[in-house]
Amino acid sequence: MIKYSPQKIERKWQRVWLKSGIYWAKDGSKKKKSYILVEFPYPSGEGLHVGHCRPYIAFDILSRKRRMDGFNTLFPMGWDAFGLPTENYAVKTGIHPRVATRKNTAFFKRQQKSLGLSFDWSREINTTDPGYYKWTQWIFLQLFKNDLAYKAKMPINWCPSCKIGLAAEEVIDGSCERCGAKVIRKEKEQWLLRITKYAERLIQDLDLVDYPEKVKTLQKDWIGRSEGWEVQFPISNSQLPNETKSSEAREEPKAPRASINVFTTRIDTLFGATYLVLAPEHPFIENSKSLPAQAGEIRNSKFVQKYIEEAKGKTERERISEVKEKTGVELKGLVALNPANGRKIPIYIADYVLVHYGKGAIMAVPAHDSRDWDFAKKYNLPIIDVIKQQQDTSNKIQDTKAFAEAPPPLTPRLSASAYEGEGILINSDRFTGMKSEDARIRIGDWLQKQGLAKKTVNYKLRDWIFSRQRYWGEPIPLVFCERCALRQGSGQGWVQIPEKDLPLKLPNVKDYKPTQEGESPLAKVKSWVETKCPNCHGSARRETDVMPNWAGSNWYYLAYLMRGIFSFQFPISKYKKVFKYWMPVDWYNGGMEHSTLHLLYSRFIFKFLWDIGAVPKSIGPEPYKKRTSHGVILGEGGIKMSKSKGNVITPDQVVWRQGADTLRVYEMFMGPFGETITWDPKGVKGARRFLEKVWKLFGKYEIRPQPIFNRLGRPALIQGLRRNPKSEMPISSSILDKVGTNPKSQAPISQLERLLHKTVKKVGEDIENLRFNTAISALMVLVNELSKNKEQLTENNLKVFLLLLAPFAPHLSEELWQRMRYKNSVHLQPWPKYDPKLVKEETFTLVIQISGRVRDKVEAPSRISEKEAKELAISSERVRKWIAGKGIKKVVFVPGKLVNIVV
RNA sequence: GCCGAGGUGGCGAAACUUGGCAACCGCGAUAGGUUUAGGACCUAUUACCUUUUAGGUUUGUGGGUUCAAAUCCCACCCUCGGCACCA
């Protein structure tokens with residue numbers, strides 16, 4: 001018998017499939033569509049490792065099965081090729097990033113092809129191609145036109161090693177995500193996108209999509225919505241006499257006076273606010289010099305300035321590492337007035353308050369906030385309890401007076417920590433005795449009437465820094481024109497390049513290093529920077545920043561639909577029909593690490609495109625219907641695979657030695673798809689053994705290898721394989737409607753036949769649920785069963801088995817399919833159907849329990865009645881032994897399962 | 001600290017959706033066969049314990065519900081992942 005040598009058959013079929021284009025999806029087909037998307041990779045120089053392959057293989061299996069189900073299935077692939085590693089490589093070697101990218105993508109593509117993945121290569125995209133980034137730039141211009149892109153000076157996270165500004169999302173533990181260097185803060189002009197404008201919708205519309213709860217939670221937490229109140233604290237001179245009166249008496253609003261606004265979610269604790277804290281960057285400190293006389297002035301400004309300077313020099317990381325040791329400085333000479341009771345409270349600046357959240361200032365309630373508690377303890381500030389915990393929540397509070405008894409204000413508190421929960425108000429004037437949840441509304445309303453508070457919603461989400469001072473990215477298609485700036489009067493002066501001039505191509509440079517000041521290398525190219533204003537034709541300067549690496553992946557799921565790769569033509573309305581047919585993506589799989597980055601960004605951009613009508617309204621405001629994530633593959637010993645650890649397993653190693661089908665089966669069999677697993681070289685052997693076993697089953701179909709290409713280089717062996725991608729995928733009609741059953745024969749249905757039907761059901765359902773490990777297990781059971789008896793190796797049994805195996809081991813299945821001399825490709829066959837009646841067994845093992853313990857098992861017909869089953873149980877020898885001398889209390893019968901006799 | 005996932009043989013795991021024979025399938029191991037050897041392949045055994053034609057114990061720990069719990073409920077312990085001064 002010919003040996004199973006995957007090296008020989010895999011290459012062959014890969015060539016046939018590619019030439020015949022059987023995996024190409026058809027635009028505008030009448031068939032139901034299925035758009036399956038896996039995240040496209042960044043083609044690094046190292047190539048793929050086995051972990052990358054896991055989602056590709058899994059969704060290749062799903063795509064193949066969906067095709068067999070009759071879906072017009074789109075499963076595309078492309079390259080997210082702009083980015084830092086390629087640029088750093090260029091800095092080091094002087095090799096142009098374009099050249100490196102070409103080499104890397106070729107490498108990646110070769111590896112992917114060697115796995116036998118059924119990508120529609122006719123739709124391949126590359127984000128670095130001018131034909132592609134023309135659209136990335138076009139989207140930016142639309143954002144700019146709609147006031148969603150703006151430039152602002154801001155402190156950014158600066159990586160001194162990469163010489164690049166990082167988005168908050170790219171900073172991991174205070175270090176650069178890419179190189180691990182410590183991030184510092186630096187002021188820089190940056191382009192930003194107003195993703196915050198979409199914050200509410202990005203939360204709301206999560207209800208429309210099928211994402212794992214975990215991903216939804218991650219996104220919601222990242223956006224961080226919180227409802228609360230903005231409260232105004234008037235500022236006063238600490239020298240003035242105390243104006244504390246009863247809260248009733250100070251209703252009349254005076255002439256506008258200096259004040260500080262804070263954001264709080266716990267306005268119910270307002271009476272416990274004993275000081276204010278401002279972030280060091282808070283503008284109030286700058287502006288305090290021009291305070292009205294009654295407000296006074298900061299008397300220790302030198303000291304304050306020193307603290308501010310220190311805080312600014314600290315990185316976020318340093319600030320965070322000092323969580324336990326809070327620092328701050330009092331603004332001497334000023335006090336704030338608590339709007340609830342007019343009490344004078346001191347004002348501090350401290351770096352535990354963040355400038356970019358809320359109003360950059362807080363009211364400190366040390367009794368009910370652990371951070372304020374720590375600060376108050378350190379600086380010996382008053383702590384006033386205003387919420388009393390309800391001891392017994394089951395008893396409703398009848399006597400609120402009992403709760404009104406509280407330690408007198410301003411006495412040092414005895415408890416050891418802040419109480420942050422809900423409860424009953426104390427020390428809160430006329431609100432005392434109220435539930436904190438209710439007080440929140442009542443106090444808020446009361447202050448709102450006086451114009452001292454307003455209800456607001458705050459988000460943690462910040463606008464998205466959308467520029468990088470680097471080379472290898474999409475140029476931002478704007479120029480700065482002094483003349484237009486003056487004329488506009490707005491001081492803006494940014495003029496967009498006309499759409500017809502897109503793409504704005506990235507010029508060649510010799511030196512890829514950013515300047516010492518952190519400007520893009522493009523800033524050194526005079527001929528590029530100096531240009532004419534498209535508006536007034538005067539001299540103007542180009543923007544030299546480029547877009548971040550996320551820009552190209554915001555919309556790539558649309559690019560796959562825009563046929564005519566890299567020559568997509570304006571206007572976008574040309575593509576409405578294909579968008580309408582294919583969108584939204586039916587199933588999108590990607591890494592968990594993208595839950596708050598790419599996934600959130602691309603949802604935002606899609607919503608924007610939907611808003612401006614660039615995509616049809618009918619497809620809805622969400623790009624992805626369903627999202628799943630794959631688990632990571634760890635190296636041997638459970639360590640993350642990395643070049644530096646030298647434990648990287650490449651698919652090539654496995655494909656060359658064991659074959660692509662073995663790699664596919666192993667990766668799918670090794671554990672649940674969504675979970676982290678450790679690579680085990682011994683496990684690979686098991687997968688290979690399984691395929692060898694399959695090979696042997698088909699021993700009788702041994703044929704001499706035939707030429708598969710004719711002289712013209714066309715596939716010769718298979719007739720009728722679709723060669724023209726425009727034609728509909730042909731489906732062979734010769735397949736049985738039901739597997740295993742021969743309608744003519746009246747012979748009893750064999751156990752094997754039932755197993756066949758069961759396996760068809762299980763494998764099909766398991767694939768749709770990404771339970772590949774159990775699907776393969778079921779296939780193994782079937783193979784073991786088939787190989788027990790040669791008689792069972794009938795043509796029909798083998799055929800059905802091959803169809804089930806085809807998505808998992810496409811090469812082997814195709815080879816055996818051809819050896820059986822069937823026409824057409826196994827991958828163009830319909831998925832077998834099972835008979836629900838035959839999935840159920842005719843007999844089952846009736847388990848007999850005595851008081852819950854298994855004592856005997858007997859074969860019984862499936863439809864056995866309760867009475868019969870009980871009689872059967874009691875008639876058993878063993879059972880009699882166990883119940884002898886004991887009274888039967890109760891007998892439980894579960895149809896199809898067991899009888900339990902309680903004694 | 002907060003959020004999430006998980007804890008089952010020597011190992012990867014299955015059974016959890018729907019409470020009903022715990023450990024499918026695979027790896028490894030042991031014995032035998034085959035082979036010049038190694039490897040490959042075939043057959044059998046393989047959760048643990050005991051006094052082994054049989055019985056007992058076992059799903060992180062403790063409790064609860066139930067005729068019956070890996071599965072449902074409560075408390076705790078441990079591991080992994082993510083977020084983290086967001087007022």
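Here is the naming used below: chain letters follow the sequence lines, and residue numbers restart at 1 for every chain. Here the structure is a predicted model, which is why all the values come from computation and not from measurement.
When Watson-Crick and G-U wobble pairs are counted only if both distances are under 3.5 Å, B:rU79 pairs with B:rA5. Of the nucleotides present, none pairs with B:rC16 by Watson-Crick or G-U wobble criteria with both distances under 3.5 Å. B:rA37 is unpaired under the criterion used here, namely a Watson-Crick or G-U wobble arrangement in which both key atom distances are under 3.5 Å. Base-pair partner of B:rA84: not found among the strands shown (Watson-Crick or G-U wobble, both distances under 3.5 Å). Using N1 to N3 plus N6-O4 or O6-N4 for Watson-Crick, or N1-O2 and O6-N3 for G-U wobble, each under 3.5 Å, B:rA31 pairs with B:rU43.
Whole-Å rounding puts the A:K897 NZ to B:rU18 P distance at 13 Å. Rounded to whole angstrom, the span from the NZ atom of A:K693 across to the P atom of B:rA40 amounts to 15 Å. When rounded to the nearest whole Å, the span between CD1 of A:I349 and P of B:rA87 equals 22 Å. If you take CG of A:N784 and P of B:rC27, they are 10 Å apart, rounded to a whole angstrom. We find that CZ of A:F772 is positioned 22 Å from P of B:rG12, with the value rounded to whole Å. Rounded to whole Å, the distance from NE2 on A:H630 to C1' on B:rA5 is 16 Å. Separating the OH atom of A:Y211 from the C1' atom of B:rA5 is a distance of 21 Å, rounded to the nearest angstrom. Counting to the nearest Å, the C1' atom of B:rG6 and the CD atom of A:E675 are 8 Å from each other.
In the model, A:T327 has a side-chain atom that pairs as donor or acceptor with a side-chain atom of A:Y307 under 3.5 Å. Using a 3.5 Å distance cut-off with no hydrogens or angles, the side chains of A:S226 and A:N458 do not pair a donor with an acceptor. With no hydrogens or angles considered, no side-chain donor-acceptor pair links A:E39 and A:H598 at under 3.5 Å. Judged purely by distance below 3.5 Å, without hydrogens or angles, the side chains of A:K890 and A:N900 never pair a donor atom with an acceptor atom.
Side-chain proximity of A:M780 to the nucleotides B:rA13, B:rC3, B:rC25 is greatest for B:rC25. Nearest nucleotide to the side chain of A:T774, out of B:rC67, B:rA14, B:rC25: B:rA14. Taking the side chain of A:V854 as heavy atoms from C-beta on, and the options B:rC24, B:rA22, B:rA87, the nearest nucleotide is B:rA22. Distances from the side chain of A:R855 to the nucleotides B:rC41, B:rG20, B:rG55 place B:rG55 closest. The side chain of A:T264 sits closest to B:rA87 out of B:rA87, B:rA14, B:rC67. Closest to the A:K682 side chain, of the nucleotides B:rG82, B:rC67, B:rC27, is B:rC27. For A:F669, whose side chain is taken as the heavy atoms from C-beta onward, the closest listed nucleotide among B:rG26, B:rA13, B:rA87 is B:rG26.
Phosphate contact (OP1/OP2 of B:rG82, side-chain N/O of A:S595, threshold under 4.0 Å): absent. Here A:K216 does not reach the OP1 or OP2 of B:rG4: none of its side-chain N or O atoms lies under 4.0 Å away. In this structure, A:K685 reaches the B:rG28 phosphate: one of its side-chain N or O atoms is under 4.0 Å from OP1 or OP2. Listed pair A:K214 / B:rA5 fails the phosphate criterion, with no side-chain N or O lying under 4.0 Å from OP1 or OP2. Distances shown here put every side-chain N or O of A:R688 at or beyond 4.0 Å from the OP1 or OP2 atom of B:rG26. Taking only side-chain nitrogens and oxygens, A:R689 comes nearer than 4.0 Å to OP1 or OP2 of B:rC41.
In this structure B:rG19 sits in the anti conformation; its chi angle is more than 90° from 0.
Residues A:I677 and A:L218 both approach RNA chain B. Their nearest nucleotides, taken by heavy-atom distance, put A:I677 toward the 5′ side.
Comparing B:rA87 with B:rA5, their P atoms are spaced 23 Å from each other, to the whole Å. Of the P atoms belonging to B:rU30 and B:rC80, the separation is 32 Å, rounded to the nearest Å. Rounded to a whole angstrom, the distance from the C1' atom of B:rU46 to that of B:rU36 is 32 Å. Using P as the reference atom, B:rA22 and B:rA47 are 14 Å apart when rounded to the nearest Å. Look at the P atom in both B:rC72 and B:rC21: the space between them is 15 Å, to the nearest Å. B:rU71 and B:rU8: their P atoms are spaced 14 Å apart (whole Å). Spacing of P atoms, B:rG81 relative to B:rA44, comes out at 42 Å, to the nearest Å. The separation of B:rU53 from B:rG60, taken at their P atoms, amounts to 32 Å, rounded to a whole angstrom.
You won't find any donor-acceptor pair under 3.5 Å spanning the side chain of A:T217 and the base of B:rC3, going by distance alone. Contact of A:Q849 with B:rG20 (side chain to base): a donor-acceptor pair of N or O atoms is detected under 3.5 Å. Judged by distance alone with a 3.5 Å cut-off, a donor-acceptor contact links the side chain of A:K326 to the base of B:rC85.
Among the heavy atoms of the strands, none lies under 4.0 Å from A:D372. Among the protein residues, A:V847 comes within range of the nucleic acid bases, having at least one heavy atom under 4.0 Å from a base atom. A:V902 comes within contact range of the sugar-phosphate backbone alone, with a heavy-atom separation under 4.0 Å but no base atom that close. Here A:G686 lies in heavy-atom contact (under 4.0 Å) with sugar-phosphate atoms only. Using a 4.0 Å heavy-atom cutoff across all strands shown, A:I901 reaches no nucleic acid atom at all.
By the 30° and 60° cut-offs, the orientation of the rings of A:F263 relative to A:Y357 is perpendicular. Classification of the A:W464-A:Y601 ring pair by plane angle, with boundaries at 30° and 60°, yields parallel. In this structure, A:F375 and A:Y379 have tilted ring planes: the angle between them lies in the 30° to 60° band.
Considering only heavy atoms from C-beta on, A:R266 comes within 4.5 Å of A:I387 through its side chain.
You'll find the ring centres of A:Y666 and A:W679 inside the 6.0 Å limit.
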